[in-house]
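Numbers here are sequence positions counted from 1. None of these values were measured; they are calculated from a predicted model.
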Amino acid sequence: MRKFGLIGFPLGHSFSKKYFTEKFQKEGLDDCQFELFEIETADQLKKIVAENPSLEGLSVTIPHKQAVIPLLNDLDPACEAIGAVNCIQIKEGKLTGYNTDYIGFKDSLEAWLEGKKVSALVLGTGGASKAVCKALEDLGIEYLSVSRKTTDSSISYEELPGKPELFEKYRLIINCTPLGTFPNTDAMPSIPKEAFSENTLVYDLVYNPAVTKLMQTCLDKGGKAKNGLEMLEGQAEAAWKIWNS
């Protein structure tokens, strides 16, 4: 039996397990299975690999996308530049890290924008945001990161209400945080109401629910919004290609 899986914490609602289980059924891949490995710390990866000798690949989700890097034997060059891993290929005992979030997001965003020239506010500075920022750079899209604290490379949410001009310049808002994910659907990043208008675009990496509170706030103002389902499907297919290469 060929085994694949997902590591992260918590793993209550996994897109990956549902997606790959249905994929295996549709394509008649009876020798493949996908399992969830809920681990609180990344160093438990070694135990998972040791106890599952038929494991060929793993997807990596919050909060381990950066913490797993020291545990790997090698990194894909593009993944090394991003600084986060969401896909691990296991071959002949060697663990190699990749980032397919980058592929899924870049392809999805480029198609959605249809050539529109925009600048972006990137909400969050975790592993997912690193892939998003690299994709924005490669697409030639200027961006500004927003985090809980002001740093050399980001501003804080507390600064946003006093800078309405930011929302005129940065019309694309990309949520790379888990805020708004089921079951906490009433949550959303601390974006002031004046940020939204008919010119606003929201790309929320959250996919469950299909319309997050952040997305709905934008839609109510006449703007456009997209969830992260297409990105997830894209990154999953990219991972599948890597695991079978």
Side-chain angles (χ1 to χ4, degrees), residues 8-10 40-42 60-70 78-86 99 101-102 105-106 108-109 113 116-181 184-197 199-207 212-221 223-228 231:
F9 187 86
E40 289 192 49
T41 59
V60 184
T61 190
I62 295 172
H64 304 319
K65 292 185 179 184
Q66 293 165 268
V68 297
I69 292 177
C79 179
E80 192 169 10
I82 292 167
V85 166
N86 80 308
N99 194 301
D101 279 341
Y102 165 85
F105 175 76
K106 181 174 177 288
S108 175
L109 179 67
L113 290 179
K116 293 186 184 76
K117 299 297 181 183
V118 294
S119 296
L121 281 179
V122 179
L123 312 182
T125 53
S129 73
K130 292 184 180 302
V132 164
C133 289
K134 184 67 169 72
L136 292 175
E137 289 170 10
D138 290 350
L139 290 172
I141 296 175
E142 181 184 359
Y143 68 88
L144 177 64
S145 295
V146 185
S147 62
R148 278 176 270 183
K149 295 181 180 179
T150 303
T151 68
D152 292 340
S153 58
S154 67
I155 64 171
S156 70
Y157 290 100
E158 292 179 353
E159 293 180 72
L160 293 179
K163 296 185 176 182
E165 69 278 2
L166 282 178
F167 310 121
E168 295 177 12
K169 179 179 180 180
Y170 299 98
R171 294 194 297 115
L172 172 62
I173 299 173
I174 305 171
N175 179 33
C176 300
T177 79
L179 287 172
T181 304
N184 301 312
T185 55
D186 286 335
M188 67 175 272
S190 301
I191 303 296
K193 290 182 179 179
E194 59 266 28
F196 303 96
S197 74
N199 296 317
T200 306
L201 301 168
V202 164
Y203 192 123
D204 198 330
L205 269 58
V206 173
Y207 73 96
T212 63
K213 186 175 180 180
L214 177 66
M215 291 171 62
Q216 191 61 58
T217 302
C218 178
L219 293 170
D220 289 344
K221 290 287 187 174
K224 295 182 179 180
K226 182 177 182 63
N227 66 28
M231 170 187 170

Below 3.5 Å, can you tabulate the donor-acceptor pairs from side chains in residues 116-131 to any protein atom, sequence neighbours excluded?
from	atom 1	to	atom 2	distance (Å)
S129	OG	G124	O	3.4
S129	OG	G126	N	3.1
S129	OG	G126	O	2.7

Quiz item: Is any side-chain heavy atom of F196 less than 4.5 Å from a side-chain heavy atom of I173?
Solution: yes
Self-check item: Shortest non-hydrogen contact between M215 and D204, atoms and distance
Solution: CG-CB, 3.9 Å
Quiz item: So how far is it from K213 NZ to D186 CG, rounded to the nearest 0.5 Å?
Solution: 5.5 Å
Quiz item: If you take all heavy atoms of G8 and T61, which pair is closest and at what distance?
Solution: CA-CG2, 3.8 Å
If you look only at distance, which donor and acceptor atoms sit under 3.5 Å apart when one is on a side chain in residues 161-171 and the other is two or more places apart or in another chain?
from	atom 1	to	atom 2	distance (Å)
K163	NZ	E159	OE1	3.3
K169	NZ	E142	OE2	3.0
R171	NH1	N199	O	2.7

Practice problem: Give every residue pair that meets the salt bridge (Lys or Arg N to Asp or Glu O under 4.0 Å) criterion with at least one member in residues 131-140, sequence neighbours excluded. | Solution: K134-D138
Self-check item: With sequence neighbours excluded, residues passing ring-ring contact (aromatic ring centres under 6.0 Å, His included) with F105
Solution: Y203
Exercise. Grab the two heavy atoms, one from M188 and one from L214, that are nearest each other, plus how far apart they are.
Key: CE-CD1, 3.7 Å
Quiz item: Okay, side chain of N99, backbone of Y102: is any donor-acceptor separation there less than 3.5 Å?
Solution: yes
Quiz item: At their closest point, which heavy atom of C218 faces which heavy atom of T200, and how far apart are they?
Solution: SG-O, 3.5 Å
Self-check item: N175 and V202: CA distance, side-chain angles, deciding distance, side-chain contact (heavy atoms from CB on, under 4.5 Å) verdict
Solution: CA-CA 8 Å; N175 179 33; V202 164; 5.9 Å; no
Practice problem: State, with a plain yes or no, whether a side-chain heavy atom of D101 is found less than 4.5 Å away from one of L205. | Solution: no
Quiz prompt | K106: salt bridge (charged side-chain N to carboxylate O under 4.0 Å, His left out) partners, not counting sequence neighbours | solution = none
Quiz prompt | Euclidean distance, L179 CG relative to T181 OG1, rounded to 0.5 Å | solution = 7.5 Å
Practice problem: For residues 145-158, pull every pair meeting salt bridge (Lys or Arg N to Asp or Glu O under 4.0 Å), keeping only residues two or more places apart or in separate chains. | Solution: none
Quiz item: Nearest 0.5 Å, what's the CD1-CG distance between I174 and L109?
Solution: 6.0 Å
Practice problem: Taking all non-hydrogen atoms of both residues into account, name the closest pair between C176 and V132 and its distance. | Solution: SG-CG2, 3.7 Å
Quiz item: Looking at L160 and P192, what are the two nearest heavy atoms and their distance?
Solution: CB-CD, 4.0 Å
